[in-house]
Amino acid sequence: MRIATWNVNSIRARVVRTVDFAVREGIDVLAMQEIKCKPEQFPYEAFEEAGYTVEAHGLNQWNGVAIASREPIEELQVGFAGMPGFAKGHDGPGAPLEARALGAKIGGVEVWSLYVPNGRGLDDPHYRYKLDWLEALRGYTADTLAADPDRALALTGDFNIAPTDADNGDPTVVEGVTTHVSPPERAAFQALLDAGLADTVRPLVPTGYTYWDYKQLRFPRNEGLRIDFILGSHAFADAVTAAAIHRDERKGEIPSDHVPVVVDLDLEGPDDDDRPMIW
DNA sequence: ATGTCGGTGGTTCACCGA
């Protein structure tokens with residue numbers, strides 16, 4: 001099974017490009033972020049014509065997550081247990097939830113499409129929201145794996161954190177000045193790993209960015225960030241056989257500012273056809 | 001130069017968010 005995650009930055013603006021990529025690369029499950037539309041506005045037809053079914057979660061023109069799959073989508077989860085909400089002037093308990101998390105069981109894997117809050121600025125209420133949101137995600141992960149340690153669980157999406165200095169090539173992203181690289185954000189990312197997840201792409205693709213700001217020639221200068229990840233429990237990570245970051249998707253006409261990240265899974269072991277015949 | 005995007009409201013440009 002081939003699983004991909006992609007912050008598409010408006011699915012309506014990029015539906016042709018998105019479906020073309022999925023078909024060309026043989027993607028079985030595509031987790032999308034920043035679809036920037038409500039479910040009734042999602043361009044389902046283009047995906048259905050290509051053999052995908054889609055579940056979309058969007059509340060307004062901001063955020064929004066979706067999962068497209070060639071296999072049946074089961075056990076849909078809109079948001080995760082404990083996920084906090086946020087709204088301007090209303091960031092405490094009881095704040096409205098945003099469309100940032102969609103989970104499902106597909107082919108025996110619990111896969112999530114996640115769009116972690118940006119944080120905006122180190123002194124912005126959105127930054128505290130980001131850290132609280134990540135802590136709640138860690139709690140969900142820990143609880144889930146405590147109940148079922150061998151579950152194939154994958155957290156995919158835009159984490160809006162560059163975990164190491166090697167993941168930050170943008171000269172305007174500076175520790176102590178901006179979000180994405182602050183010690184508390186990096187600690188929150190590490191806490192997800194400590195809860196029982198592994199970065200399934202880094203061992204196979206050690207370098208490279210997944211996002212380049214549209215401004216100031218960031219892509220031509222290759223001044224990007226690695227902020228999009230596929231994190232997996234041991235049962236998931238152990239099944240990963242290949243990975244790729246599709247840098248070329250940042251090129252061409254009207255690209256997203258993010259590129260797809262892909263892993264191949266072999267959950268069932270070798271097919272019968274691959275086993276030696278012994279009489 | 002916050003130098004580029006996408007979406008919205010409500011009219012084609014100002015604002016928000018990233």
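Please read these numbers as outputs of a predicted model, since none were measured by experiment. By convention in this document, chain letters (A, B, ...) are assigned in the order of the sequence lines, proteins followed by strands, and residues within each chain are numbered from 1.
Between B/dG6, B/dA18, B/dT8, one nucleotide has an atom nearer to the side chain of A/Gln41 than all others, and that is B/dT8. Listed nucleotides: B/dA18, B/dT8, B/dG6. Nearest to the side chain of A/Asn63: B/dA18. With B/dG6, B/dA18, B/dT8 as the choices, the nucleotide that has an atom nearest any side-chain atom of A/Arg12 turns out to be B/dT8.
Separation of the C1' atoms belonging to B/dT12 and B/dG6 is 16 Å when rounded to the nearest angstrom. Nucleotides B/dG10 and B/dC15 place their C1' atoms 13 Å apart, quoted to the nearest Å. B/dG3 and B/dC16: their P atoms are spaced 15 Å apart (whole Å).
An OP1 or OP2 oxygen of B/dC16 is reached within less than 4.0 angstrom by no side-chain nitrogen or oxygen of A/Arg120.
In this structure, A/Tyr115 reaches the sugar-phosphate backbone alone: every heavy-atom distance under 4.0 Å involves primed, P, OP1 or OP2 atoms, never a base. Counting any heavy atom pair closer than 4.0 Å across all strands shown, A/Arg218 reaches no nucleic acid atom. Residue-level contact check: A/Arg100 touches the backbone only, with heavy atoms under 4.0 Å from sugar-phosphate atoms and none from bases.
Checked against a 6.0 Å centroid threshold, the rings of A/Trp6 and A/Phe21 count as neighbours.
Taking atom OH of residue A/Tyr127 and atom C1' of nucleotide B/dA18, one finds them 18 Å apart after rounding to whole Å.
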